[in-house]
Amino acid sequence: MSNIVVIGSSSMDLVVTSSKRPNAGETIIGESFKTVPGGKGANQAVAAARLGAEVYMIGRVGEDSFGKTILENLKQNHVNISNVEPVTHIESGTAHITLAEGDNSIIVVKGANDYVTPQFVEKAIKLIKNANIVLIQQEIPEETVEYVADLCHQLGVPLLLNPAPARKISQNVIEKASFITPNEHEASVLFNDLTKGEALKKFPNKLFITEGKQGVRYFNGEKEIIIPTYKVDTVDTTGAGDTFNAAFAVALSEGMGMQESVRFANRAASLSVTKFGAQGGMPSREEVEESL
Ligand code: ATP
Ligand code: RIB
């Protein structure tokens with residue numbers, strides 16, 4: 001069983017479903033409202049645990065009812081939460097999601113996730129040292145990502161950076177991460193001075209660009225390849241990227257080959273979009289293996 005540490009956000013997703021998106025200054029009547037656990041870090045932790053990994057989450061929540069629900073949900077999904085601590089006087093992170101016209105739009109309010117500081121992560125250094133792989137995203141402070149990249153490099157632990165949501169990252173982080181998995185928009189922000197082909201070629205077997213229902217593109221050292229994903233009936237794509245990243249980390253840490261790992265992750269991510277909510281459709285190991 002692989003041992004995975006996820007350093008990142010845990011939030012409550014407040015999801016409105018509507019037939020259209022309102023324009024500025026416009027009020028419209030929506031169809032439904034639901035609160036479901038989310039946050040890129042927690043989503044990746046839950047997805048990896050459902051795929052059979054032993055998962056340790058390093059994160060923060062607020063001392064509020066959302067925080068309690070987030071912790072309970074992580075526990076129910078067998079994620080170790082001894083390093084997820086409440087922050088007093090700061091609310092839990094929230095993501096304000098509109099599902100309309102076949103796509104989502106999201107505003108994230110980071111709240112307690114801003115307290116996943118380098119000092120906080122440092123307390124779990126032993127855990128990180130023993131991990132097969134560390135997963136990190138960008139809903140926590142930039143200096144924490146920088147710190148974790150240096151730390152993993154020093155300790156010789158592979159780091160998978162999911163650079164979402166998009167922001168510029170330092171050359172140091174790009175060099176020290178073992179795997180970087182932007183979607184197409186994030187890749188264009190990260191490598192705005194390069195074409196997609198140039199960026200992929202510069203980082204063989206390290207840069208994996210997820211292209212939604214097309215699949216995943218990377219350069220294998222000889223040529224650029226795209227591994228197609230699977231055709232499914234799409235209900236909600238929120239969390240597809242998180243499921244892909246978690247499954248990719250699980251596969252790599254179990255020693256699967258590169259193409260096999262991408263295929264496994266595409267399969268898991270494609271299953272995740274067939275149900276509502278970021279975590280609603282995240283599959284179990286058996287579901288992925290049966291459908292492969
Ligand atoms: P999100 O932010 O919605 O979680 P993302 O923008 O980070 O996702 P995408 O590139 O949209 O990432 O999707 C990640 C992976 O999920 C894809 O590479 C693919 O494997 C799978 N996927 C996404 N959308 C679909 C779809 N409609 N059908 C099948 N697979 C999909
Ligand atoms: O990647 C999906 C996640 O992004 C959602 O669960 C939401 O919390 C946003 O942060």
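First listed ligand is number 1; within each ligand, the first listed atom is number 1.
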Can an N or O of Lys40 be found at a distance shorter than 3.5 Å from an N or O of ligand 2?
yes
May I ask you to decide if Asn77's main-chain N or O and Arg50's side chain share a donor-acceptor pair within less than 3.5 Å?
no
Flag the pair Lys201 and Glu198 as a salt bridge only when some basic side-chain nitrogen lies within less than 4.0 angstrom of an acidic carboxylate oxygen.
no
May I ask you to identify the nearest protein heavy atom to atom 2 (C) of ligand 2, giving residue, atom name and distance to one decimal place in Å?
Asp242 OD2, 3.3 Å
Return the orientation label for the Phe179 and Phe248 ring planes: parallel under 30°, perpendicular over 60°, tilted otherwise.
perpendicular
With a cut-off of 4.0 Å, which atoms of ligand 2 are near a heavy atom of Ala278?
6 (O)
At less than 4.0 angstrom from any non-hydrogen atom of Val108, what atoms of ligand 2 do you find?
10 (O)
Would you say ligand 2 has an N or O under 3.5 Å from any N or O of Ile97?
no
Salt bridge (Lys or Arg N to Asp or Glu O under 4.0 Å) involving Asp150 - partner list, sequence neighbours excluded
Lys176
Strictly distance-based, threshold 3.5 Å: is any side-chain N or O of Lys40 a donor or acceptor partner for the main-chain N or O of Asp242?
no
Near Gly39, which atoms of ligand 2 are under 4.0 Å from a heavy atom of that residue?
6 (O), 7 (C), 8 (O)
Nearest protein heavy-atom contact for atom 3 (C) of ligand 2: which residue, which atom, what distance?
Asn43 ND2, 3.6 Å
Between Glu26 and Lys20, does any side-chain N to carboxylate O distance fall below 4.0 Å?
yes
Based purely on interatomic distance, does Thr238 place a nitrogen or oxygen under 3.5 Å from a nitrogen or oxygen of ligand 2?
no
Gln76 side chain vs Asn73 backbone, donor-acceptor pair below 3.5 Å
no
Taking Glu289 first and then Arg285, would you say they form a salt bridge - that is, a charged N and a carboxylate O separated by under 4.0 Å?
yes
Can any side-chain N or O of Ser92 pair as donor or acceptor with the backbone N or O of Gly62 at less than 3.5 Å?
yes
Tell me the protein heavy atom at minimum distance from atom 9 (C) of ligand 2, and give that distance in Å.
Glu139 OE2, 3.6 Å
Between Asp13, Asn162, Thr94, flag the one that comes closest to atom 7 (C) of ligand 2 by a heavy atom.
Asp13
State plainly whether the residues Lys123 and Glu85 are in salt-bridge range, i.e. N to O under 4.0 Å.
yes
Heavy atoms under 4.0 Å from ligand 1: which residues qualify?
Asn183, Thr210, Glu211, Gly212, Lys213, Gly215, Val216, Thr229, Tyr230, Val232, Thr234, Thr237, Gly239, Ala240, Gly241, Asn266, Ala269, Ser270
Does the side chain of Asn183 pick up a donor-acceptor pair with the side chain of Thr210 at under 3.5 Å?
no
